[in-house]
Colleague: 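Here it is, the structure in full.
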Amino acid sequence: MKGAAPLQVVFASSEAMPWSHTGGLAEVAAALPAALHGSLIGGRPAEVTVALPLYRATRTWAEANGRALDDTGVHLEFHMAGQRLTMDLLQWREDGGPRWVFVDCPQLFDRDGLYDPPGQGAYADNPLRFGAFCRAVLWGVPHLLDGPPAILHAHDWQTALLPLWLATERQEPWAQCRSVFTIHNLAFQGVLDKAWLPRLGLPWQLFHSDGVEFWDRLNLLKGGIVFADALTTVSPTYASEILGPAAGEHLDGLLRSHAGKLEGILNGIDSQAWSPETDHHIAATYSAADPSGKADCRAALLAEVGLEANAQQPVFGVVARFAWQKGLDLVAECVPSLIHHDARLVILGSGDPGLERRFSALAHHHRAHVAVRLGFDVGLAHRIEAGADAFLMPSRYEPCGLNQMFSMAYGTLPVVHNVGGLRDTVVPATSATLADGSATGFVFEHPDAIGLRWAMETAISMFRDRPSQWRQLMENGMRRDWSWAASAQRYANLYERVLGSATS
């Protein structure tokens with residue numbers, strides 16, 4: 001519809017690349033808005049605004065990269081949890097992309113770490129920090145849009161108060177706005193002492209089993225689930241898994257009661273940031289048509305981490321949070337098998353102190369085979385994806401996962417547990433899929449060391465003895481479209497349905 005007024009969509013997230021980052025949420029909160037911006041929703045071009053807290057790390061990154069944040073002139077003052085809060089909205093825009101809006105409140109966000117001080121527990125006032133952020137989005141962002149958006153899209157427990165407040169305080173000019181709430185990981189729910197209810201300005205009338213009450217505590221994520229107009233999670237399989245007790249994190253009954261508004265939409269990846277054809281972080285670029293540069297990336301990675309090459313055995317890579325969910329203890333258990341086969345292992349990550357110590361000890365005692373880098377390094381993450389031959393993701397559960405898609409885009413074969421988004425994206429190498437040419441990786445059924453060892457040894461065997469099959473799997477993965485295009489269209493369709501239900 002030529003000349004149609006833009007349809008305003010506001011994303012609210014606690015992090016987004018490149019401004020702030022701890023995990024996959026940051027990747028999604030950057031790439032999905034970019035894919036949706038300018039697309040047609042109900043015949044109108046979408047104009048997307050992404051709202052974020054202005055952390056100390058965000059300001060530092062912006063200054064280091066020459067992105068001067070503009071003062072919008074929107075200033076807010078209000079009381080919450082017994083504190084008087086003052087905040088300003090800043091913004092940054094680039095041609096053809098979303099508007100970025102930052103809630104600047106130094107007393108809440110000018111700190112080390114996004115959610116916790118490095119190496120310590122979560123900030124005790126995180127409920128206040130993100131509750132205030134949500135209020136700033138509701139009360140401040142409409143001043144930049146000449147009114148409320150048509151769609152308010154919230155992500156995870158830190159922004160779950162947005163759909164709750166929209167539903168329980170719905171009044172002009174917000175009456176026509178519709179909310180979408182995305183669960184990126186059901187395990188993180190924002191469960192608080194019920195004393196936070198009045199501190200966040202929530203009425204006690206909401207504190208019941210069909211509201212925000214959870215075992216006599218306040219559950220913010222539950223509020224988002226109950227009150228959002230539409231509910232999504234990040235892969236079709238995970239959407240099905242969370243309806244049962246094994247993955248439902250004690251909310252499966254609630255989710256089943258709201259299943260009619262739940263949809264699993266698979267994440268994509270930023271195919272500009274993650275492309276071996278243009279990646280400036282890696283030693284050599286390459287493509288599915290000419291993968292020769294991958295050998296240079298392999299050699300450069302091994303040299304960078306101090307491991308000698310063995311052309312006959314694969315290099316396994318890991319980039320992950322050191323957490324029980326990710327199954328990295330299983331990787332540690334499989335190191336003896338890896339050494340037996342004279343393969344190599346390169347690990348980047350941090351988190352659980354016990355796992356950090358365990359992997360550091362393995363690297364110290366097996367310097368010829370294992371290299372570990374603690375922390376997070378964007379460039380090294382790219383170089384591991386490009387330089388490894390196979391990528392390990394033995395997650396006990398995985399809502400979507402992005403690294404398996406990064407890996408396949410880079411011709412690095414994923415070794416994954418058959419769960420969640422890993423199941424939705426990796427085609428296991430079986431006799432049938434090898435015959436029909438669809439296989440892209442190695443999949444094991446049971447999240448234990450026996451299953452992972454079997455998958456690793458299957459990969460080692462193919463790499464060593466059947467190189468033509470290995471190259472075919474590489475090409476299969478590299479030629480698939482991992483971009484956000486298809487998934488963004490599903491979100492656009494969801495927005496249309498939600499807006500249609502508002503007028504029906």
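Since this is a predicted model, take the numbers as computed values, not measurements.
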Colleague: What's the spacing between Ser235 OG and Glu241 CD if we round to 0.5 Å?
Modeller: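 Result: 7.0 Å between the selected atoms.
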Colleague: When you measure from the side chain of Ser461 to the backbone of Thr458, do you find a donor-acceptor pair of N or O atoms at a distance under 3.5 Å?
Modeller: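 Side chain of Ser461 to backbone of Thr458: no pair is present.
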Colleague: Indicate yes or no for a side-chain donor-acceptor contact from Thr440 to the backbone of Val427 under 3.5 Å, with no hydrogens or angles considered.
Modeller: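 Side chain of Thr440 to backbone of Val427: a pair is present.
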Colleague: Which word best sums up how the rings of Tyr491 and Trp484 line up, parallel for under 30°, tilted for 30 to 60°, or perpendicular for over 60°?
Modeller: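 Tilted: the ring planes of Tyr491 and Trp484 meet at 30° to 60°.
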Colleague: Within the distance-only criterion (no hydrogens, no angle test), does the side chain of Arg383 pair as donor or acceptor with the backbone N or O of Leu301 below 3.5 angstrom?
Modeller: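 No, the answer is negative, given that no donor and acceptor are paired below the 3.5 Å cut-off.
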Colleague: Quick one: are Pro53 and Gln158 in side-chain contact, heavy atoms under 4.5 Å?
Modeller: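 No. Closest side-chain heavy atoms not under 4.5 Å.
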Colleague: Under 3.5 Å, is there a donor-acceptor pair between the side chain of Tyr238 and the main chain of Leu186?
Modeller: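 Yes: the side chain of Tyr238 pairs with the backbone of Leu186.
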Colleague: Shortest non-hydrogen contact from Ser407 to Glu385?
Modeller: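 The pair with the smallest heavy-atom distance is OG-OE1, 2.6 Å.
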Colleague: To check you understand the geometry: which heavy-atom pair defines the closest contact between Leu328 and Arg321, and what is its length?
Modeller: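 Taking Leu328 first and Arg321 second, the nearest heavy atoms are CD1-O, 3.6 Å.
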Colleague: Within 45° of the six-membered ring axis of Trp100 and under 6.0 Å from that ring's centre, is NZ or CZ of Arg67 located there?
Modeller: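 Not satisfied by the 6.0 Å and 45° rule.
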Colleague: Is it true that a side-chain atom of Arg396 and a backbone atom of Trp324 form a donor plus acceptor pair closer than 3.5 Å?
Modeller: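 Side chain of Arg396 to backbone of Trp324: a pair is present.
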Colleague: If I take atom CG from residue Asp389 and atom SG from residue Cys297, how far apart are they, to the nearest 0.5 angstrom?
Modeller: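 Those atoms lie 11.0 Å apart.
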Colleague: Could you go through Leu255 and Leu231, starting from their C-alpha distance and side-chain angles, then the distance that decides it, and tell me whether this counts as side chain to side chain contact (heavy atoms under 4.5 Å, CB included)?
Modeller: CA-CA 10 Å; Leu255 286 161; Leu231 182 63; 3.9 Å; yes
Colleague: For Asn185 and Gln325, which I'm curious about, is there any donor-acceptor pair between the side chains at under 3.5 Å?
Modeller: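 Result is yes, a qualifying pair exists.
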Colleague: Could you check if a side-chain atom of Lys326 sits within less than 4.5 angstrom of a side-chain atom of Phe322, using non-hydrogen atoms only?
Modeller: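 No, too far: nothing below the 4.5 Å cut-off.
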Colleague: Fit a plane to each ring of Trp19 and Trp61, take the angle between them on a 0 to 90° scale, and name the class: parallel (under 30°), tilted (30 to 60°) or perpendicular (over 60°).
Modeller: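 Taking Trp61 first and then Trp19, their aromatic rings stand perpendicular (interplane angle over 60°).
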Colleague: Please name the residue in the list Arg490, Gln489, Glu496 that meets the side chain to side chain donor-acceptor pair (under 3.5 Å) test with Asn493.
Modeller: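 By the side chain to side chain donor-acceptor pair (under 3.5 Å) criterion, Asn493 pairs with just one of Arg490, Gln489, Glu496: Gln489.
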Colleague: Where is the tightest heavy-atom contact between Pro414 and Gln404, given as atom of each residue plus distance?
Modeller: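 Scanning both residues completely, I find the closest heavy atoms to be CB-CB, 4.2 Å.
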Colleague: Of Val415, Leu362, Leu338, Leu345, which meets side-chain contact (heavy atoms from CB on, under 4.5 Å) against Val331?
Modeller: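 Testing Val331 for a side-chain contact (heavy atoms from CB on, under 4.5 Å) against Val415, Leu362, Leu338, Leu345 leaves exactly one candidate, Leu345.
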Colleague: Counting N and O atoms only, with roles assigned by atom type, does the side chain of Ser483 sit under 3.5 Å from a partner on the main chain of Ser271, one being a donor and the other an acceptor?
Modeller: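 Here the side-chain-to-backbone pair does not exist.
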Colleague: Would the distance check show the side chain of Arg344 and the main-chain N or O of His369 forming a donor-acceptor pair, the cut-off being under 3.5 Å?
Modeller: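 Not at all, since once roles are kept as given, no pair shorter than 3.5 Å links the two residues.
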Colleague: If you define the side chain from C-beta out and look only at heavy atoms, does anything of Trp157 sit under 4.5 Å from Asn126?
Modeller: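 Side chain of Trp157 against side chain of Asn126, heavy atoms only: contact under 4.5 Å found.
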Colleague: Evaluate side chain to side chain contact (heavy atoms under 4.5 Å, CB included) for Glu333 paired with Arg358, printing each intermediate quantity in order.
Modeller: CA-CA 10 Å; Glu333 289 186 49; Arg358 188 174 183 183; 3.6 Å; yes
Colleague: Which value, rounded to the nearest 0.5 Å, describes the distance between Leu413 atom CG and Met408 atom CE?
Modeller: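 So the gap between those two atoms works out to 9.5 Å.
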Colleague: Classify the ring geometry of Tyr410 against Trp274: parallel below 30°, tilted from 30° to 60°, perpendicular beyond 60°.
Modeller: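 It falls in the perpendicular class, over 60°.
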Colleague: Could you tell me the separation between the CG atom of Leu330 and the NE2 atom of His417, rounded to the nearest 0.5 Å?
Modeller: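 Here the interatomic distance stands at 9.5 Å.
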Colleague: Is any side-chain heavy atom of Leu90 closer than 4.5 Å to a side-chain heavy atom of Leu54?
Modeller: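 Touching, per the 4.5 Å side-chain cut-off.
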Colleague: With heavy-atom distances below 4.5 Å as the criterion, would you say the side chains of Phe442 and Leu473 are in contact?
Modeller: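 A side-chain contact under 4.5 Å exists here.
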Colleague: Under 6.0 Å between ring centres, would you say that holds for Phe391 and Phe406?
Modeller: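 So the answer is no for these two rings.
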Colleague: Do Arg464 and Asp342 meet the salt-bridge criterion of a basic N to acidic O distance under 4.0 Å?
Modeller: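 Arg464 and Asp342: not salt-bridged.
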Colleague: Determine yes or no for a side-chain-to-main-chain donor-acceptor pair under 3.5 angstrom, with Asp424 supplying the side chain and Thr237 the backbone.
Modeller: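 Flag set: sc Asp424 to bb Thr237 pair under 3.5 Å.
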Colleague: Tell me, do Phe444 and Ile450 make a side-chain contact under 4.5 Å, heavy atoms counted?
Modeller: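 In short, these two side chains do not touch, never coming nearer than 4.5 Å.
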Colleague: When you check the side-chain N and O atoms of Thr232 and Thr182, is any donor under 3.5 Å from an acceptor?
Modeller: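 On atom types as modelled, these side chains qualify, holding a pair under 3.5 Å.
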Colleague: Considering only NZ, NE, NH1 and NH2 on the basic side and carboxylate oxygens on the acidic side, decide whether Arg59 and Asp104 come within less than 4.0 Å.
Modeller: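 A salt bridge is present here (some side-chain N lies under 4.0 Å from a carboxylate O).
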Colleague: Which heavy atom of Pro117 sits nearest to which heavy atom of Tyr123, and what is that distance?
Modeller: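 Shortest heavy-atom contact: CG-CE2, 3.5 Å.
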Colleague: Hey, does Tyr115 have a side-chain heavy atom less than 4.5 Å from the side chain of Ser14?
Modeller: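 A side-chain contact under 4.5 Å exists here.
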Colleague: Salt bridge between Asp481 and Arg479, side-chain N to carboxylate O under 4.0 Å?
Modeller: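 Looking at Asp481 and Arg479, the cut-off is not met.
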Colleague: Counting N and O atoms only, with roles assigned by atom type, does the side chain of Thr159 sit under 3.5 Å from a partner on the main chain of Ser13, one being a donor and the other an acceptor?
Modeller: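 No: the side chain of Thr159 does not pair with the backbone of Ser13.
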Colleague: Could you check whether any side-chain N or O of Lys294 sits under 3.5 Å from a backbone N or O of Ala284, counting only pairs where one atom can act as donor and the other as acceptor?
Modeller: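 Side chain of Lys294 to backbone of Ala284, a donor-acceptor pair under 3.5 Å: no, none is there.
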Colleague: How many angstroms lie between atom CG of Leu266 and atom OG1 of Thr425, to the nearest 0.5 angstrom?
Modeller: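 If we round to the nearest 0.5 Å, Leu266:CG and Thr425:OG1 are 6.5 Å apart.
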Colleague: What's the verdict on side chain to side chain contact (heavy atoms under 4.5 Å, CB included) for Phe181 and Leu221, showing C-alpha distance, side-chain angles and the deciding distance?
Modeller: CA-CA 9 Å; Phe181 183 58; Leu221 187 88; 3.6 Å; yes
Colleague: Testing the basics here: between Cys334 and Met456, what is the closest heavy-atom pair and its distance to 0.1 Å?
Modeller: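 Between these two residues, the closest heavy atoms are CB-SD, 3.8 Å.
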Colleague: Indicate the atoms forming the closest heavy-atom contact of Trp482 with Gly477, along with that distance.
Modeller: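 Here Trp482 and Gly477 meet closest at NE1-O, 3.0 Å.
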Colleague: Do Ser287 and Glu277 have side chains that get closer than 4.5 Å, going by heavy atoms?
Modeller: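 They are in side-chain contact.
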Colleague: Between Glu304 and Arg373, does at least one N-O distance fall below 4.0 Å, as a salt bridge requires?
Modeller: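 A salt bridge is absent here (no side-chain N lies under 4.0 Å from a carboxylate O).
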Colleague: Distance check, rounded to the nearest 0.5 Å: Gln472 atom CD versus Met462 atom CE?
Modeller: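 Result: 10.5 Å between the selected atoms.
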Colleague: Describe, in one word, how the ring planes of Phe109 and Tyr55 are oriented to each other, choosing from parallel (under 30°), tilted (30 to 60°) and perpendicular (over 60°).
Modeller: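 Perpendicular: the ring planes of Phe109 and Tyr55 meet at over 60°.
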